[in-house]
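Just below is one structure, and these are the notes that go with it.
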Amino acid sequence: MADKFQIRGVVPPVVVPDTPDHELDVPSFERLINRLIDAGVDGLFFLGSSGEVVFSTDERRRQIISEAVRIVNHRVPVLIGIIDTETERMIEQGKQAQELGADALVATCPFYALQGMTEVEEHFRILHEELDLPLFAYDIPVCVHTKLPWKLLAKLGAEGVLAGVKDSSGDDISFRYLVQENEKLGHPLTLLTGHEVVVDGAYLGGADGSVPGLANVEPEGYVRMWKAAQAGDWATVKAEQDRLNEISHIWDVTSGVQGYAGGVGAFKTALNLMGVFDSPTMPRPVKAMTGENVEAIRKVLADNGLL
């Protein structure tokens, strides 16, 4: 199946809106998805790090996938994260995503019983054998505590085990080596960067697209950047990245929050201020931003023409 699926361009990792009583806010979800598609994105990634995957019960995952597939309605490809602690649990999540209409699956390596590269390689081979959709490896060592080596990813791509890689490692050297090796092998992998403040550099190096969380807040800029890169207009690519980076300061103008509360919390606060989300509610036990932090984010949005 991997050789039948191709995606390039901007594939935002969709943030999930919650009601104040911690249910899925379907109307807000629909507004965000339609806004992203209307902006011209090339695909959508649900149940990634920004999509509350590890906060979600199996039933909530099912609801998120079902609503996402319904709302998207074949307008763009739907990638679903099947992120879980170990292989057998990921197989279960993958089968559910297949059943509900996903176009491709995104999996990390196991992250509770940490293993060596022999077991990590076998993990991806098992997922490929057991599941019937194209498989992307999600390289995010800050969360799973294992860095996926570029040589292993290239090997699994050449053998048809992996259809692509979503790189959120922050290791631009490794990603650049992977891009070059992928070209030598005939480009079997779709390579997407999640390093959203240096997407311009990734495109110049040969990335096939990006998975920028900030695109939830400002998708048009990332779409324009991708189109400019395809046209070889690198001055516009840099200008768009510089402008988007000014908006990205929603992460660092706050105080007293960190981790998920500061990252996805900033996205939810911004989307609430912009009228896309009805509430900035975060998954328990994370608290939504309040007071001066909300006002600091409001100022960044206003200064950059988003309010």
Side-chain angles (χ1 to χ4, degrees), residues 1 5 7 11-37 41 43-112 123-124 126-138 140 143-144 163 166 211 213 216 260 264 267-268 271 276-286:
M1 292 291 294
F5 182 82
I7 188 167
V11 186
V14 183
V15 174
V16 174
D18 302 306
T19 65
D21 57 354
H22 300 286
E23 299 294 330
L24 177 64
D25 179 352
V26 176
S28 294
F29 200 34
E30 190 152 2
R31 278 195 296 273
L32 176 59
I33 291 170
N34 287 331
R35 179 172 178 264
L36 293 170
I37 294 174
V41 302
L44 292 171
F45 173 34
F46 297 93
L47 289 176
S49 302
S50 298
E52 300 188 5
V53 61
V54 296
F55 292 94
S56 299
T57 63
D58 288 354
E59 181 53 39
R60 181 175 167 88
R61 290 193 193 203
R62 172 176 284 273
Q63 184 186 14
I64 289 170
I65 298 169
S66 298
E67 293 293 351
V69 169
R70 176 189 66 80
I71 297 164
V72 172
N73 193 26
H74 306 289
R75 289 178 288 171
V76 296
V78 169
L79 288 71
I80 299 294
I82 59 171
I83 298 149
D84 215 314
T85 49
E86 301 297 332
T87 305
E88 300 300 336
R89 294 183 61 82
M90 291 194 211
I91 291 170
E92 284 189 0
Q93 300 295 347
K95 289 180 176 178
Q96 173 173 266
Q98 288 176 183
E99 169 198 329
L100 295 174
D103 295 303
L105 306 173
V106 184
T108 63
C109 61
F111 58 84
Y112 188 85
H123 163 75
F124 285 112
I126 291 169
L127 293 180
H128 172 69
E129 291 168 1
E130 294 285 337
L131 300 170
D132 297 326
L133 289 177
L135 181 67
F136 280 63
Y138 189 177
I140 184 165
C143 291
V144 303
K166 192 253 183 178
V211 188
N216 285 276
Y260 206 77
V264 175
F267 292 154
K268 288 197 174 190
L271 289 166
V276 181
F277 281 7
D278 288 337
S279 168
T281 302
M282 297 291 287
R284 295 189 297 178
V286 186

Item to check | Closest non-hydrogen atom pair between Gly81 and Phe45, with its separation | outcome: N-CE1, 3.5 Å
Checklist entry - After noting the C-alpha distance and the side-chain angles of Phe277 and Asp25, does the key distance pass the side-chain contact (heavy atoms from CB on, under 4.5 Å) rule? => result CA-CA 8 Å; Phe277 281 7; Asp25 179 352; 5.8 Å; no
Next on the checklist: Just verifying a value: how many Å separate His123 NE2 and His128 NE2, rounded to the nearest 0.5 Å?
Outcome noted: 13.5 Å
Next on the checklist: My understanding is that only one of Arg60, Arg284, Arg61 makes a salt bridge (charged side-chain N to carboxylate O under 4.0 Å, His left out) with Glu52; could you say which?
Outcome noted: Arg60
Next on the checklist: For Asn216, is there any backbone N or O sitting under 3.5 Å from a side-chain donor or acceptor partner on Arg35?
Outcome noted: yes
Next on the checklist: If I compare all heavy atoms of Val211 with all of Pro12, which pair ends up nearest, and what's the gap?
Outcome noted: CG1-C, 4.4 Å
Next on the checklist: A side-chain contact here means heavy atoms from C-beta on lying under 4.5 Å apart; do Pro17 and Leu271 qualify?
Outcome noted: no
Next on the checklist: Tell me every residue that passes salt bridge (charged side-chain N to carboxylate O under 4.0 Å, His left out) with Glu130, counting only those two or more places apart in sequence or in another chain.
Outcome noted: none
Item to check | Closest heavy-atom pair and its distance - Arg31, Val276 | outcome: NE-O, 2.9 Å
Checklist entry - Who pairs with Glu23 by side chain to side chain contact (heavy atoms under 4.5 Å, CB included), at least two apart in sequence or on another chain? => result Thr19, Asp21
Checklist outcome for this item: Closest non-hydrogen atoms of Ala107 and Leu127, given as atom of the first, atom of the second and distance, are CB-CD1, 3.7 Å
Item to check | Pair Glu92 + Arg89: basic N to acidic O under 4.0 Å | outcome: no
Item to check | Derivation and outcome, side-chain contact (heavy atoms from CB on, under 4.5 Å), residues Asp18 and Met282 | outcome: CA-CA 7 Å; Asp18 302 306; Met282 297 291 287; 5.7 Å; no
Checklist entry - Which is it for Asp58 and Gln93 under the side-chain contact (heavy atoms from CB on, under 4.5 Å) test, yes or no, and what are the steps along the way? => result CA-CA 8 Å; Asp58 288 354; Gln93 300 295 347; 2.9 Å; yes
Checklist entry - Counting only N and O atoms by type, is there a donor-acceptor contact under 3.5 Å from the side chain of Lys95 to the main-chain atoms of Asp132? => result no
Checklist entry - Which value, rounded to the nearest 0.5 Å, describes the distance between Gln96 atom CD and Glu99 atom CD? => result 6.5 Å
Next on the checklist: Is any side-chain heavy atom of Gln98 closer than 4.5 Å to one of Leu105?
Outcome noted: yes
Next on the checklist: For the backbone of Ile83 and the side chain of Thr108, can you confirm whether one donor and one acceptor N or O come within less than 3.5 Å of each other?
Outcome noted: no
Next on the checklist: Applying ring pair (Phe, Tyr, Trp, His ring centres under 6.0 Å) as the test, list every pair that has at least one member in residues 48-101; sequence neighbours left out.
Outcome noted: Phe55-Tyr260
Checklist entry - How many angstroms lie between atom CG of Leu44 and atom CG of Leu79, to the nearest 0.5 angstrom? => result 9.0 Å
Checklist entry - Can you tell me how far the NZ atom of Lys268 sits from the OG atom of Ser50, to the nearest 0.5 Å? => result 10.5 Å
Next on the checklist: Looking at Thr281, is its backbone amide N or carbonyl O close enough to the side chain of His22 to form a donor-acceptor pair, meaning the two atoms are under 3.5 Å apart?
Outcome noted: no
Next on the checklist: Quick check for you: to the nearest 0.5 Å, what is the distance between Ile33 atom CD1 and Arg75 atom CZ?
Outcome noted: 8.0 Å
Item to check | Distance (rounded to the nearest 0.5 Å) between Glu86 CD and Cys109 SG | outcome: 9.5 Å
Next on the checklist: Please give me the minimum heavy-atom distance between Met90 and Ile82, naming the atom from each residue.
Outcome noted: CG-O, 3.1 Å
Checklist entry - Nearest heavy-atom pair of Phe29 and Ile64: which atoms, and what distance? => result CE2-O, 3.9 Å
Next on the checklist: Apply side-chain contact (heavy atoms from CB on, under 4.5 Å) to residues Val69 and Phe46 and explain how you reach the verdict.
Outcome noted: CA-CA 10 Å; Val69 169; Phe46 297 93; over 6 Å; no
